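The sequence lines fix the lettering, A, B, ..., with proteins before strands; numbering per chain opens at 1. In what follows, every heavy atom counts, from backbone to side chain, and hydrogens, waters and symmetry copies are set aside. The shown structure was predicted, so the numbers you read here are calculated from the model rather than taken from an experiment.
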Amino acid sequence: MLVAALDFLLLSFLIVCAIAVARIRDLISAVIIFAAYSLVMAIIWQMLGASDVAITEAALGAGVTTFLFIATISKTKRTE
Amino acid sequence: MEDIVVRAVSRLIVPFIQLYGLYVIFHGHLSPGGGFAGGAIVASSMILYGISFNLEAGSRKLSHDLSSLLESGGALWYLLVGLIGILLGSNFLANKIAGVPLGTPGQLLSSGIIFLLAMGIGAKVASTMVTLFYSLSGGEDSDGNRT
């Protein structure tokens with residue numbers, strides 16, 4: 001019961017994050033929301049039993065990808 | 001950006017991230033993770049060092065020449081280790097079929113050539129990401145100034 005509630009909470013957060021990333025105009029905010037999306041996605045991978053994917057998602061999605069996006073934005077414009 | 005808190009914390013935490021990354025690489029056949037995930041963790045520790053100090057200090061620790069050497073060396077190492085299977089009279093990357101001694105299950109040195117392959121993959125992934133980081137963060141910004 002508690003696990004199902006946590007699943008529901010995480011998945012609804014994931015959906016809200018995904019819609020917000022697509023809708024928001026400020027690209028830095030979009031990157032930060034995308035990092036939060038990746039972190040929650042890593043937790044969900046771990047809950048589904050895919051620890052290997054969870055480690056990769058946490059290291060790449062929340063860490064390296066975020067920085068590469070910010071480095072790209074700092075060379076271009078901040079708003080869409 | 002000169003922040004004493006960020007510098008002190010990153011100086012403290014970078015060795016532990018690198019140790020964890022090496023653990024994930026070397027225990028790829030025993031626990032979740034492997035060459036790619038461990039290499040990404042090692043690379044993220046170097047990126048953390050580079051953004052919390054400055055880019056020059058980061059490139060002094062791992063120069064571009066060494067990084068590209070590691071990158072192509074990792075791929076070459078993978079190829080050479082894969083050829084062991086052919087040399088022992090079987091297919092490319094063959095492990096148990098080619099008669100490589102597998103050791104005891106559950107031990108670190110227990111998987112034949114997979115352990116050696118993970119080392120090559122880890123070195124290649126880590127150096128590729130560090131190279132990507134320095135290529136993106138160096139150079140010109142949006143106003144055309146050299147940074």
ILVMFWY network linking A/Ile24 to A/Ile15, side-chain heavy atoms under 4.5 angstrom
no
Quick check: are there more than 12 heavy atoms from other residues, nucleotides or ligands sitting under 6.0 Å from CZ of B/Phe115?
yes
With clusters defined by side-chain heavy atoms of hydrophobic residues (ILVMFWY) lying less than 4.5 Å apart, directly or transitively, does A/Leu48 cluster with A/Leu9?
no
Heavy atoms of other groups near B/Ile13 CD1, more than 12 under 6.0 Å:
no
Going by residue number, which parts of residues 31-43 of chain B are within reach of chain A, meaning a heavy-atom gap below 4.5 Å?
B/Pro32, B/Gly33, B/Phe36, B/Ala37, B/Ala40, B/Ile41
Single-linkage hydrophobic cluster, 4.5 Å side-chain cutoff, B/Val81 and B/Leu88 together
yes
Please check if the number of heavy atoms outside B/Phe92 that lie under 6.0 Å from its CZ is greater than 12.
yes
Pairwise side-chain contact, A/Leu68 with B/Met129, heavy-atom cut-off 4.5 Å (strictly under)
no
Output for pair (A/Phe67 CZ, B/Ser44 OG), nearest 0.5 Å, gives 12.0 Å
Do you know which of A/Ser51, A/Gly63, A/Ala54, A/Ala50 has the most heavy-atom pairs with chain B at a distance under 4.5 angstrom?
A/Ser51
Let me check something: do B/Ile84 and B/Ile114 share a hydrophobic cluster, defined by ILVMFWY side-chain heavy atoms less than 4.5 Å apart, either directly or through other members?
no
